[in-house]
Amino acid sequence: MLNYLWGLMIVIGIIVGIFNGTMANVGNAAINSSKEAVTLCVSMLGVMAMWTGMMQVAKKCGITSSLTKALRPVIRRLFPDIPEEHVVNEYIASNIIANILGLGWAATPMGLMAMRELRKLNGNSHIASCDMCTLLIVNISSLQLIPVNIIAYRSQYGSANPAEILATGILATCISTLAGVIFAVTARKLGRRSS
């Protein structure tokens, strides 16, 4: 569906460019944007590689397992149906930790592995369990202390102070995570009452 939407927007842009007599501008913008996209991807690749490597170092040093133990009470309350010593707890904790550090790229593989394990716990059903929905909500709302991606984007585009959004980002993600957790807990309770 998204491919059709992007395709439609490109076609509309070309048609408007033809009718306005600015087709040359449309062509130049497409070429300049593609060069800018490649430059941005290369610069973000460095940031991604560094932070993903940091997560691997943290895992090898035992920092991730220590943080997993520290997050265990939170994980137990958010995901009460998961067995206590199941490997999915570590995946969920790693996902949450990566998101808190603003490492969306490092969080994604852990989130996917957690979803795979949660699906197994759900009997490989095609219908998402409450735990799967809760993980998705927590992952999407993602409390972030360091919004690495946004800081990198701002730096790439010449911001005088790329990190000045830190306080605003923390506040916004605290509110979104709190709202997501309240929704997930409420939905789980309502679901149990109705069944």
Side-chain angles (χ1 to χ4, degrees), residues 1-2 5 40-41 44-45 47-59 63-154 165-192:
M1 180 67 185
L2 199 54
L5 181 62
L40 181 62
C41 286
M44 294 304 289
L45 182 65
V47 174
M48 178 184 77
M50 182 189 78
W51 284 104
T52 304
M54 295 281 276
M55 281 298 289
Q56 290 302 317
V57 169
K59 191 172 186 176
I63 294 170
T64 305
S65 60
S66 298
L67 290 172
T68 300
K69 287 177 186 166
L71 282 174
R72 189 163 281 161
V74 174
I75 292 172
R76 290 290 323 139
R77 292 193 63 71
L78 285 175
F79 304 94
D81 299 333
I82 296 176
E84 203 165 320
E85 295 303 319
H86 199 279
V87 69
V88 75
N89 290 306
E90 185 177 330
Y91 294 147
I92 291 170
S94 296
N95 177 270
I96 291 171
I97 292 163
N99 275 322
I100 287 172
L101 295 175
L103 311 174
W105 295 301
T108 300
M110 292 299 152
L112 291 173
M113 287 190 277
M115 278 296 185
R116 188 178 308 126
E117 292 299 321
L118 288 172
R119 185 169 184 210
K120 287 178 189 173
L121 288 173
N122 194 27
N124 287 320
S125 173
H126 293 292
I127 298 171
S129 67
C130 285
D131 289 328
M132 294 169 87
C133 293
T134 301
L135 177 61
L136 188 62
I137 290 167
V138 169
N139 197 25
I140 290 171
S141 65
S142 83
L143 170 66
Q144 288 186 7
L145 298 180
I146 308 165
V148 174
N149 297 345
I150 301 302
I151 291 171
Y153 288 136
R154 287 172 54 88
I165 53 124
L166 226 60
T168 308
I170 291 170
L171 178 64
T173 58
C174 281
I175 292 169
S176 68
T177 301
L178 181 63
V181 166
I182 290 170
F183 175 81
V185 170
T186 304
R188 183 184 297 271
K189 286 180 181 176
L190 291 175
R192 286 190 174 154

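Because the structure is a prediction, the values reported are computed rather than measured. Just so you know, these numbers use all the heavy atoms, side chains as well, and skip hydrogens, waters and symmetry mates.
The stretch residues 178-187 participates, sequence neighbours left out, in no salt bridge (charged side-chain N to carboxylate O under 4.0 Å, His left out) pair at all. Listed by first and then second residue, the salt bridge (charged side-chain N to carboxylate O under 4.0 Å, His left out) pairs involving residues 104-113 amount to none (not counting sequence neighbours).
Between the side chain of T173 and the backbone N or O of I170 there is at least one donor-acceptor pair closer than 3.5 Å. Formation of a donor-acceptor pair under 3.5 Å by the N95 side chain with backbone atoms of A107 is found in this model. With hydrogens and angles ignored, the 3.5 Å screen pairs no side-chain donor or acceptor of R119 with any backbone N or O of H126. Of the possible polar contacts, one joining the N89 side chain to the E84 backbone as a donor-acceptor pair under 3.5 Å is found.
Rounded to the nearest 0.5 Å, atoms CD1 (I165) and CZ (R154) are 5.5 Å apart. Separation of atoms CE (M113) and OG1 (T108) is listed at 10.5 Å; rounding is to 0.5 Å. Once rounded to the nearest 0.5 Å, the distance linking OG of S176 with CG of L143 reads 7.5 Å. Considering SG of C130 and CG of L118, their distance stands at 11.5 Å, rounded to 0.5 Å. One distance of note links CD1 of I96 with CG of N99; it measures 8.0 Å at 0.5 Å rounding. Between atom CD1 of residue I97 and atom CD of residue E90 there is a gap of 9.0 Å, rounded to the nearest 0.5 Å.
When all heavy atoms are compared, the tightest approach of A114 to I92 is CB-CG1, 3.9 Å. The shortest non-hydrogen separation linking I75 to A93 is CD1-CB, 3.7 Å. When all heavy atoms of T177 and S142 are compared, the closest pair comes out as OG1-C, 3.6 Å.
When the side chain to side chain donor-acceptor pair (under 3.5 Å) test is applied to R116, no partner is found at least two apart in sequence or on another chain. By the side chain to side chain donor-acceptor pair (under 3.5 Å) test, K120 pairs with E117, sequence neighbours left out. Residues forming a side-chain contact (heavy atoms from CB on, under 4.5 Å) with I140 (at least two apart in sequence, or on another chain): L136.
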Let me have the donor-acceptor pairs involving side chains of residues 181-190, under 3.5 Å, with sequence neighbours excluded, atom names and distances please.
unit_1, atom_1, unit_2, atom_2, d
T186, OG1, I182, O, 2.7
R188, NH1, D81, OD2, 3.1
R188, NH1, D131, OD1, 3.4
R188, NH2, L78, O, 3.2
R188, NH2, D131, OD1, 2.7
R188, NH2, T134, OG1, 3.3

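You'll find the side chain of K69 stays beyond 4.5 Å of the side chain of S66, heavy atoms only.
Atom CG of L5 has more than 12 neighbouring heavy atoms from other residues, nucleotides or ligands inside a 6.0 Å radius.
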